[in-house]
Visitor: 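Just passing along the structure, written as C-alpha cells.
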Amino acid sequence: MSLKNNLSGRIALVTAAAGAGIGQATARLLAESGADVVVTDLDPGRTERVAGQIAEATGRRVIGRPLNVVDEDAIAALVAEIHAEWGAIDILVNNAGTSEPAPVWDTPTDSWRRVIDICLTGHFLTMKAVLPRMMERRAGSIVNIASIEAWSSTTPGNTAYHAAKAGVLALTRSTAKQVAPHGVRVNGVAPGLVPNPFLNRMLDPEDLERHASLIPLGRPVDPEEIADAVLFLAGDGSTSITGETINVSGGAYMRA
Ligand SMILES: NC(=O)c1ccc[n+]([C@@H]2O[C@H](COP(=O)([O-])OP(=O)(O)OC[C@H]3O[C@@H](n4cnc5c(N)ncnc54)[C@H](O)[C@@H]3O)[C@@H](O)[C@H]2O)c1
C-alpha cells in the first residue's frame, strides 16, 4: 500500500454499501487501506452481514448500520452516534443511487421526486450532517458518486437520474468551494458501465456486450476500479484536488 493511500486512524462512512456493487467494493477497499468503516444501507440484516464480512477479512473496526439516505433524522442520529463512539468522521462516501427509467411524459411525479431524493438530496443531507464537525477539525474528505450520465444523458428515459447526477456535479463543486477554506475537500467519481445484478436483469447479455463494445477500453468497469478512484480522492494522494469529478468509464465518456 502506498503511504498516501494509508488510511490508518481514519474513520469512513459509506452509504449504500451492502449491495453487490460500488458501495461494498469501496467500503472493503477503505478498510483494507486501514480505515475503520461504518457500512450503511437500507436492509439492517444485509448491512450487518456485509460489515461483519469486511471486518473479518480486514481486521478493521467495521460496523453496519441501517440508513435510508433520505431520512434526515436518521442521518443526524447516526452521525451523532459515530462522533460519540469513534470521535470523528474523516471520510464520507455518498454512494446511494437509484433509477426508474420512463419517458418524461410518462414519469409519475413521485417517481421523479424519489430518484432526485435518493441520488441528489441524500448526498446533500449526509454532507450537511458531517460538515460542521469536519470544518471544526479542519479535516475531512467527501467523495460523491455521480455518473457519466450526468454529462452524456445517453440511457433512454432516465431523465430524473440524469438530472440528479448532473446535480451531484454542481453540488460537489459548490460545496467544495464553501468548505475549502475550512480544510475540507469534496470531490466526485463518475462511473461508466459497472455491471451489477440490477443491470444484469435490465439488460440481456447481448445488450451488455453491445454496450461494452462501445467502450474504448473494450470492457465494462469493475466496482473495485471505482473504489480505487474513491480511495485516491479520499486519501492523501489528492490533497490539492477539490471540486473535481473524475470519470472512471474505460473512456466511454471523455471530457474535452
Ligand atoms: N452500476 C453502474 O453502471 C453505475 C454507473 C454510474 C453510476 N453508478 C452509481 O454508482 C452508485 C452505486 O451503484 P451500484 O450499481 O454499484 O450499486 P451498489 O451496490 O453500490 O448500490 C446499491 C445499493 O443502494 C442501496 N440503496 C438504494 N436506495 C437507498 C437509499 N434510499 N438509502 C440507502 N441505500 C440505498 C440499495 O439497498 C443497494 O444495496 C449509485 O449512485 C449509482 O447511481 C452506477
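In each ligand, atom 1 is the first atom listed, and ligand 1 is the first ligand listed. Bear in mind the structure is a predicted one, so any value in this text is a computation, not a measurement.
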Visitor: Using salt bridge (charged side-chain N to carboxylate O under 4.0 Å, His left out), reason through D207 and R210 one step at a time and then give a plain yes or no.
Guide: CA-CA 5 Å; D207 265 347; R210 194 171 45 76; 3.1 Å; yes

Visitor: Identify, chain by chain and in numerical order, each protein residue with a heavy atom under 4.0 Å from an atom of ligand 1.
Guide: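 These residues qualify: A16, G19, A20, G21, I22, G23, D41, L42, R46, L67, N68, V69, N95, A96, G97, I118, I145, A146, S147, Y161, K165, P191, G192, L193, V194, N196, L199.
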
Visitor: Run Q24 and R28 through side-chain hydrogen bond (donor to acceptor under 3.5 Å, both in side chains) and show every step you take.
Guide: CA-CA 6 Å; Q24 183 178 161; R28 187 174 294 271; 3.1 Å; yes

Visitor: Any ion pair linking R61 and D36 (charged N to carboxylate O, less than 4.0 Å)?
Guide: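 Counted as a salt bridge, because a side-chain N and a carboxylate O are separated by less than 4.0 Å.
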
Visitor: Can you check side-chain contact (heavy atoms from CB on, under 4.5 Å) on V230 and L29, steps first, answer last?
Guide: CA-CA 9 Å; V230 174; L29 182 62; over 6 Å; no

Visitor: Salt bridge between K4 and D236, side-chain N to carboxylate O under 4.0 Å?
Guide: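 Between D236 and K4 there is no salt bridge, as every charged N stays at least 4.0 Å from the carboxylate O atoms.
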
Visitor: Does L131 form a side-chain contact (heavy atoms from CB on, under 4.5 Å) with V179? I'd like the steps, not just the answer.
Guide: CA-CA 8 Å; L131 276 171; V179 301; 3.8 Å; yes

